[in-house]
Amino acid sequence: QVQLVESGGGSVQAGDSLRLSCAASGRTASGRAMAWFRQAPAKEREFVAVVTWLGSPTYYADSVKGRFTISRNNAKNTAYLQMNSLKPEDTAVYYCAVYAGGSYYTPSSYNYWGQGTQVTVSS
């Protein structure tokens, strides 16, 4: 079995920042793009950001562009999501995932998923 473990979530006020980490076990992410998705209560899982193997290019959902930055450190098998200027609508469980093929923007294109980390933003 492979494992992805997210960390760094928490409860913050609007305008604050959080940095999420996703640690991949073994060689899970070798040669693959990695992405962050999020899912709020009563909503579908939605794409947030994706970073390709070499760290660029990156792509973002319009809702987070200019506020969030995705990056990775392949030597550490870790992906990151720096979230600035957080808004209440960013409240969700955030999941990292390893790309398998297909559209970057759909969950079905990813074959490995972490357990998720909760981000709560209060106004």
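All values reported here derive from a predicted model rather than from experimental measurement.
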| request: Tell me whether the centres of the aromatic rings in W113 and F37 are closer together than 6.0 Å. | output: yes
| message | For residues 2-20, which residue pairs pass the salt bridge (Lys or Arg N to Asp or Glu O under 4.0 Å) check, not counting sequence neighbours? | response |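 Sorted pair list comes back empty.
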| said: Working note: M83 + D90, criterion side chain to side chain contact (heavy atoms under 4.5 Å, CB included); need CA distance, chi angles, decisive distance, verdict. | reply: CA-CA 9 Å; M83 305 185 294; D90 295 318; over 6 Å; no
| request: Starting from the C-alpha separation in whole Å, work towards a yes-or-no answer on side chain to side chain contact (heavy atoms under 4.5 Å, CB included) for M34 and L4. | output: CA-CA 11 Å; M34 295 183 69; L4 298 172; 4.3 Å; yes
| query | Quick one: do K65 and D62 make a salt bridge, cutoff under 4.0 Å? | reply | yes
| Should the heavy atoms of other residues, nucleotides or ligands under 6.0 Å from CD of E89 be counted, would the total exceed 12? |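 Check passes, neighbour count above 12.
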Within one Ile-Leu-Val-Met-Phe-Trp-Tyr cluster: [X] and [Y], side-chain cutoff 4.5 Å:
X   : Y   : result
Y99 : V48 : no
Y95 : L81 : no
Y94 : Y80 : no

| task | Under the side chain to side chain contact (heavy atoms under 4.5 Å, CB included) rule, what do T52 and R72 come out as? Steps first, then yes or no, please. | result | CA-CA 9 Å; T52 51; R72 68 193 299 163; 5.8 Å; no
Taking every non-hydrogen atom, the tightest pair across [X] and [Y]:
X    : Y    : answer
A14  : P88  : CB-CD, 4.1 Å
S109 : G102 : OG-C, 3.4 Å
T117 : G8   : OG1-N, 4.3 Å
L86  : L18  : CD1-N, 3.9 Å
Y110 : S103 : CE1-O, 4.4 Å
S63  : R38  : OG-NH2, 3.5 Å

| side chain to side chain contact (heavy atoms under 4.5 Å, CB included) assessment of W36 paired with I70 | CA-CA 8 Å; W36 290 92; I70 189 170; 3.5 Å; yes
| Gap separating the OG atom of S25 from the OH atom of Y112, nearest 0.5 angstrom |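 The OH atom of Y112 is 9.5 Å from OG of S25, to the nearest 0.5 Å.
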| field | Polar side-chain atom of R67 near backbone of S85 as donor-acceptor pair, under 3.5 Å | value | yes
| Okay, side chain of N74, backbone of W53: is any donor-acceptor separation there less than 3.5 Å? | yes
| message | Considering only residues two or more places apart or on different chains, which pairs with a residue in residues 55-75 satisfy ring-ring contact (aromatic ring centres under 6.0 Å, His included)? | response |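 Non-adjacent pairs meeting ring-ring contact (aromatic ring centres under 6.0 Å, His included): Y59-Y104.
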| Option passing side chain to side chain contact (heavy atoms under 4.5 Å, CB included) with V12 (candidates T91, T120, V121) | V121
